[in-house]
*Asks:* 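I have a structure I would like to understand better, so I am pasting it below and will then ask my questions one at a time.
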Amino acid sequence: MLNRLYFLLVLLTGIPMQAQDCPNPVYPVNGATNVPLDATIDWETVDGVPSYNIALGTNPGSDDILSSQFASGSSYTPLLGLPANTTIYVTITLFFFNQPNITCPSYSFTTAPLTTTPNCTQITNPLDMATDVNPNTSISWSYVYGAEGYRISLGTSPGGTEVLNNFDVGNTLTYNPPIDLPPQTTIYVSIVPYNSLGSAIGCNQQQFTTRTESEIPDCTTIVYPQNGETNVPLSPILEWDAVSDVTGYIVTIGTTPTSSDILDGSILYTNSTPVVNFEPNKTFFITITPFNDAGQAEGCTQTSFTTLLGCGPYLDFDTEEYVTINPEINMPGTFSFCQNEGPLVISSTDIAEGFRWYQIDEFENETLISSSNEVSINENGRYRYEAYNTVSHDGNIIECTSSQVFEVIPSEMATIDNITAQSIGSFLQLTVIASGNGNYEYAIDNIDGPYFDSNIFNNVQPGSHMLYVRDKNGCGIARKEFTQDLTVEGFPKFFTPNGDTVNDYWQFIQPPESEKVIFKSIQIFDRYGKFLKQISPYSQGWDGTISGRKLPSGDYWFLAIDESDREIKGHFTLKR
């Protein structure tokens, strides 16, 4: 038995994450009406939440209907049902061990009204016709829809009330007689549910027979570890006071008050047991219930303890807060390395006892490159930053670390290859053509910005402008001046090839008093972008024909490329 227990008591790993959101109600939904009195209250689960508490009241946040209870999973069924025709406020609390609990805003629903008296109930303990029942037994029965209370009668003859006569126990599902029942006697039980509309009718008696007197055992008191004790060794010997007239002990251990993930009701026949390999810095909840042939001890108290100090989280019983030794770190996942500017120096501002920086190769091997809060990096790639605190216990030093893997990526100042201009009405559209290994943003006429992700500037006034390209990773700002040189104005807006010798040809005309512009080519397109003709800048120009065929009146487009590869785009009109 003990060997089996050794394996059962190995702690499951995992630390809950901080919840970010409160759950939404599933049933009843917020504002629901006419909700059945036996409804099960369901809500969505939230990742990382180990357990939930639920309270019910007649006002937001109150618990006058149901005091705060641990729920099993993300639902709860009130054992006594819900009060009729009542607006009920539900308050869900997210329960944590490594951070403060989060109490969510209350939501409400309204229950259905009573429409009839309740039905009869059924006794669940002792069972009908049971024998050999302990005379000090308690009596339990099932919930009945719409019941607001129960009256119980006990007798030693059919229909008799010699022991208890129509006693109102209120809205509860169990009754423990103040004195033991007569031994070796048949007991007749009648339980009648009632509500504000009346009592159940025609409820049958049930019966059971007692045996000779014997007592269920009392609860025990844990000796080690005591309730709230900290720094408990990872392999302790659990010990509790021996109880007389006991057959054994039912032991349950869990990592939450409602769980039994470590030990689930195992039966031990001594008042101590060794345990191996508890996890450090973990709080455990233990319940020990003595039992004998008369039954189990009732109302035994749950206790808790925390294993020896490690990195955490562990419960500080003085402050009732959970403590974590690992340092909090703030390190981004990406850094940019500006080429040709020397090493990238990264400094940590985190508060910790020590630091380490590792370079990670393609095979995931790590090489230590710094043991201070600062590191110099000369090449791109993947790295890992680590900060740590230490804690000492019984001469052993435990190192508690937090780490972040990050990547160093290359970046450089841009090169502005070209600035193209297009005439749109009386304004220009400038497009900045830049190249380089970086992430760039663009500004015009002001080195301080504003900067934009788009490399196109619209509604630009004719004239000269300075264009800026800035590397977002801080590797520099490139600049280049755009000079309009009145080239756009040198192209006619229209021509009339009608043979009157006035505006019969369309061709670039060098504006007077401006810097001379030399074009390598001038191409003409129709309004659908179809190429029509290329003319020489030194020719007479275009006469509005293609292969001797006159083209119709309308708008046409041109693309001119000068000797520095600047592009000038625009449109003109052919009139006949």
Side-chain angles (χ1 to χ4, degrees), residues 19-96 100-122 124 140-152 168-175 191-200 203 256-259 299 302:
Q20 300 298 317
D21 300 301
C22 285
N24 293 318
V26 175
Y27 181 84
V29 298
N30 188 28
T33 59
N34 209 36
V35 175
L37 307 185
D38 58 355
T40 294
I41 301 171
D42 291 294
W43 55 92
E44 294 177 346
T45 58
V46 178
D47 290 342
V49 177
S51 188
Y52 303 88
N53 287 43
I54 181 173
L56 305 178
T58 53
N59 292 290
S62 65
D63 62 352
D64 51 320
I65 295 176
L66 176 73
S67 61
S68 183
Q69 302 287 326
F70 276 100
S72 176
S74 59
S75 65
Y76 184 80
T77 304
L79 298 178
L80 299 174
L82 300 169
N85 199 29
T86 303
T87 297
I88 298 175
Y89 290 85
V90 181
T91 304
I92 304 295
T93 298
L94 312 183
F95 180 87
F96 297 98
N101 294 341
I102 298 175
T103 299
C104 298
S106 301
Y107 66 93
S108 66
F109 60 85
T110 302
T111 53
L114 292 174
T115 58
T116 184
T117 58
N119 294 324
C120 295
T121 185
Q122 180 74 27
T124 56
S140 303
W141 53 92
S142 300
Y143 163 74
V144 175
Y145 187 92
E148 297 176 335
Y150 302 85
R151 295 185 179 93
I152 181 171
D168 188 346
V169 297
N171 193 17
T172 183
L173 300 178
T174 186
Y175 176 71
I191 300 176
V192 179
Y194 67 87
N195 61 25
S196 59
L197 300 181
S199 301
C203 297
T256 70
T258 58
S259 70
Q302 184 183 73

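Keep in mind that what you see is a predicted model, and the values were worked out from it rather than measured.
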*Asks:* Determine the minimum heavy-atom distance between Ser75 and Thr40, stating which atoms define it.
*Replies:*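 Closest approach of Ser75 to Thr40: CB-CG2, 4.1 Å.
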*Asks:* To the nearest 0.5 Å, how far apart are OG1 in Thr116 and CG in Asn195?
*Replies:* 7.5 Å
*Asks:* Looking at side-chain heavy atoms only, is the closest gap between Pro23 and Leu94 below 4.5 Å?
*Replies:* yes
*Asks:* Measure from the side-chain N and O atoms of Ser62 to the backbone N and O of Pro60, and report whether any donor-acceptor pair falls under 3.5 Å.
*Replies:*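 Such a contact is absent between Ser62 side chain and Pro60 backbone.
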*Asks:* Taking all atoms of both residues into account, what is the closest heavy-atom pair of Ala39 and Leu82, and its distance?
*Replies:*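 Residues Ala39 and Leu82, closest heavy atoms: CB-CD1, 4.4 Å.
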*Asks:* Using distance alone, with no hydrogens and no angle criterion, decide if Asn171 and Tyr150 have a side-chain donor and acceptor under 3.5 Å apart.
*Replies:*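 Judged by distance alone, the side chains do not pair up.
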*Asks:* Nearest heavy-atom pair of Val192 and Ser199: which atoms, and what distance?
*Replies:* CG1-CB, 4.0 Å
*Asks:* With no hydrogens and no angle check, do the side chains of Asn101 and Thr93 hold a donor and an acceptor under 3.5 Å apart?
*Replies:* no
*Asks:* State whether a side-chain donor-acceptor pair under 3.5 Å links Ser106 with Thr91.
*Replies:*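 Looking only at side-chain atoms, Thr91 and Ser106 do form a donor-acceptor pair, the distance falling under 3.5 Å.
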*Asks:* Testing the basics here: between Ala112 and Leu37, what is the closest heavy-atom pair and its distance to 0.1 Å?
*Replies:* O-CD2, 3.6 Å
*Asks:* Taking atom types as modelled, find out whether Ser68 and Asp63 have a side-chain donor-acceptor pair closer than 3.5 angstrom.
*Replies:* no
*Asks:* Mind checking the CD1-OG spacing from Ile54 to Ser67? Nearest 0.5 Å is all I need.
*Replies:*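 Answer rounded to 0.5 Å: 11.5 Å.
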*Asks:* Working to the nearest 0.5 angstrom, can you tell me the gap between Leu66 CG and Leu80 CG?
*Replies:* 9.0 Å
*Asks:* Are Ser74 and Glu44 close enough, and set up right, to give a side-chain contact (heavy atoms from CB on, under 4.5 Å), and what steps lead you there?
*Replies:* CA-CA 7 Å; Ser74 59; Glu44 294 177 346; over 6 Å; no
*Asks:* Checking Ile92 against Asn53 for the side-chain contact (heavy atoms from CB on, under 4.5 Å) test, could you report, in this order, the C-alpha distance in whole Å, the side-chain angles of both residues, the deciding distance, and whether it holds?
*Replies:* CA-CA 6 Å; Ile92 304 295; Asn53 287 43; over 6 Å; no
*Asks:* Find out whether Trp43 and Val90 are in side-chain contact, i.e. whether some heavy atom of one side chain is under 4.5 Å from a heavy atom of the other.
*Replies:* no
*Asks:* Is it true that Thr87 and Thr110 share a donor-acceptor pair across their side chains at a distance under 3.5 Å?
*Replies:* yes
*Asks:* Is the closest side-chain heavy-atom distance between Ile41 and Leu56 below 4.5 Å?
*Replies:*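 Ile41 vs Leu56: side chains touch.
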*Asks:* Under a 3.5 Å distance rule, please check whether Thr121 uses its side chain to pair with a backbone N or O of Ser142 as donor and acceptor.
*Replies:*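 A pair under 3.5 Å: yes.
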*Asks:* Can you find a heavy atom in the side chain of Thr58 that is under 4.5 Å from one in the side chain of Ile65?
*Replies:*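 Answer yes - side chains close enough.
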*Asks:* Any side-chain heavy-atom pair from Tyr52 and Thr258 closer than 4.5 angstrom?
*Replies:* no
*Asks:* Could you check Tyr27 against Val35 for side-chain contact (heavy atoms from CB on, under 4.5 Å), going step by step and ending with a plain yes or no?
*Replies:* CA-CA 9 Å; Tyr27 181 84; Val35 175; 4.3 Å; yes
*Asks:* Counting N and O atoms only, with roles assigned by atom type, does the side chain of Glu148 sit under 3.5 Å from a partner on the main chain of Pro83, one being a donor and the other an acceptor?
*Replies:*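 No, the answer is negative, given that no donor and acceptor are paired below the 3.5 Å cut-off.
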*Asks:* Can you list the steps and then say if Phe95 with Val49 is a side-chain contact (heavy atoms from CB on, under 4.5 Å)?
*Replies:* CA-CA 7 Å; Phe95 180 87; Val49 177; 5.8 Å; no
*Asks:* Check whether any side-chain heavy atom of Val144 sits under 4.5 Å from a side-chain heavy atom of Cys120, and report yes or no.
*Replies:*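 No. Closest side-chain heavy atoms not under 4.5 Å.
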*Asks:* Does the side chain of Arg151 come within less than 4.5 Å of Tyr194's, by heavy atoms?
*Replies:* yes
*Asks:* What's the separation between atom OG1 in Thr33 and atom CG in Asn85, rounded to the nearest 0.5 Å?
*Replies:*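 Going from OG1 on Thr33 over to CG on Asn85, the span is 11.0 Å.
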*Asks:* Can you name the nearest heavy-atom pair linking Pro118 to Tyr145, along with the distance?
*Replies:*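 Where Pro118 meets Tyr145 most closely, the heavy atoms are CB-O, 3.9 Å.
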*Asks:* Could you state the interatomic distance from OH (Tyr175) to CD1 (Ile191), rounded to the nearest 0.5 Å?
*Replies:*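 Reported value, rounded in 0.5 Å steps: 11.0 Å.
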*Asks:* A side-chain contact here means heavy atoms from C-beta on lying under 4.5 Å apart; do Pro193 and Cys203 qualify?
*Replies:* yes
*Asks:* Closest heavy-atom contact between Asn30 and Ser108?
*Replies:* OD1-N, 3.1 Å
